[in-house]
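The block underneath contains the structure these notes are about, expressed in structure tokens.
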Protein chains: 2
Amino acid sequence: MAVPERANSTDFRLTPQRRAILEAVRETACHPDAAWVYERVRRSLPNISLGTVYRNLGLLAQEGLIRELALDDQVSHWDGWIEPHDHIVCIHCGKVANVEVAALSDAIDGEAEHAAGYRVLGYRLCLQGICPECQAGGKS
Amino acid sequence: MAVPERANSTDFRLTPQRRAILEAVRETACHPDAAWVYERVRRSLPNISLGTVYRNLGLLAQEGLIRELALDDQVSHWDGWIEPHDHIVCIHCGKVANVEVAALSDAIDGEAEHAAGYRVLGYRLCLQGICPECQAGGKS
DNA sequence: ATCGTTGCAAATAGTTTGCAACTAA
DNA sequence: TTAGTTGCAAACTATTTGCAACGAT
């Protein structure tokens, strides 16, 4: 369960920019996109560029330190929690929460033989719903 | 099970462009993107513009005549089969096939109470795997 | 010295939009 | 004659890339 502190590649330097990006993604529960991370990191590193943020979000994910989310959005979102889990998106406000659908992995493995002859390696699941706040606000 | 021929809105005209786009999406099993549809439709309507294709893919989906896919791709894909079903993408060649994971809906409903207080309305599932052709081609 | 990394700016890809002309009821 | 639709082109958004300068080993 320990969060990796060290990257996989030997020649992957954890520069101040990368550390700040990693911390920004880890410290929030909001599943941010690149623009959010950019604004957040600029507080401590005002000269960082958006290109560097994009570059390093991808590289950090490649190193296994963060995860790219599979939301149905046209912008990429990122998650500092790298254990396998899924997400639910509020269709009203867009807020994202983590969900663990334990029974799902089994259900999917059980259905694998129906998968048109494909060998099934994994899945991406994203639930849609209404968050507690929007329910309270009278959204149906 | 009948495929709708008529759109939901009264003032939605099934113009030649729209009919051609609809037929193109329905006639193929390849789950095409806008560029593919554009090229296909240009055979019969050489002057159609890409903007019209984009516009009408969205409108046809809004009318319930086609579906937008929830693949993990940065480009939108479309499906003429509008009954609820999911998809599996080959991680080698990108080919998309339909899958029906019957047990899934129940499994997800059963897990709904764990969904961080959200009211669960639906889900998007996309399996990843290796297609028969790539398996035969020696891909692991 | 080397080689990964950065900031900047330009480029790219996919998609959307404004608008005048067109078209069917 | 009106309201929806089209083709065109420009605009837009998210992201990627080329490159010279920088910096840690």
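By convention in this document, chain letters (A, B, ...) are assigned in the order of the sequence lines, proteins followed by strands, and residues within each chain are numbered from 1. Heavy-atom basis, side chains included; hydrogens, waters and symmetry copies ignored.
The list of salt bridge (Lys or Arg N to Asp or Glu O under 4.0 Å) pairs with a residue in residues 28-49 of chain A, not counting sequence neighbours, reads A:Glu27-A:Arg40, A:Glu39-A:Arg42. Residue pairs satisfying the salt bridge (Lys or Arg N to Asp or Glu O under 4.0 Å) criterion with at least one member in residues 123-134 of chain A, sequence neighbours excluded, are listed as follows: A:Lys95-A:Glu133, A:Arg124-B:Asp72. Applying the salt bridge (Lys or Arg N to Asp or Glu O under 4.0 Å) test to residues at least two apart or on different chains, none of the pairs has a partner in residues 46-57 of chain A.
Scanning for side chain to side chain donor-acceptor pair (under 3.5 Å) contacts around A:Gln74 gives an empty result, with sequence neighbours left out. Not counting sequence neighbours, the partners of A:Ser49 by the side chain to side chain donor-acceptor pair (under 3.5 Å) test are A:Thr52. Residues passing the salt bridge (charged side-chain N to carboxylate O under 4.0 Å, His left out) test with A:Arg67: none are found, sequence neighbours excluded. Every residue meeting the side chain to side chain donor-acceptor pair (under 3.5 Å) condition with A:His87, not counting sequence neighbours, appears here in chain and number order: A:Asp79, A:His85, A:Asn98. With sequence neighbours excluded, the residues that form a side chain to side chain contact (heavy atoms under 4.5 Å, CB included) with A:Leu45 are A:Gln17, A:Ala20, A:Val41, A:Ile48.
Contact annotation: B:Tyr54 does not reach the phosphate of C:dT16 (side-chain N/O to OP1 or OP2, under 4.0 Å).
Other members of the cluster containing B:Val89 are B:Leu69, B:Leu71, B:Val96, with ILVMFWY side chains joined at under 4.5 Å, either directly or via other members.
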Protein proximity profile, nucleotides 1-6 of chain C - base contact B, sugar-phosphate-only contact S, no contact -, cut-off 4.0 Å on heavy atoms:
--BBSB
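To the nearest 0.5 Å, atoms CD (A:Gln135) and OH (B:Tyr118) are separated by 10.0 Å.
For DNA chain D, the contact window with chain B, defined by any atom under 4.0 Å from a protein heavy atom, covers D:dA3 to D:dC8 in 5' to 3' order.
Non-hydrogen atoms lying under 4.0 Å from DNA chain D are contributed by nothing in residues 66-73 of chain B.
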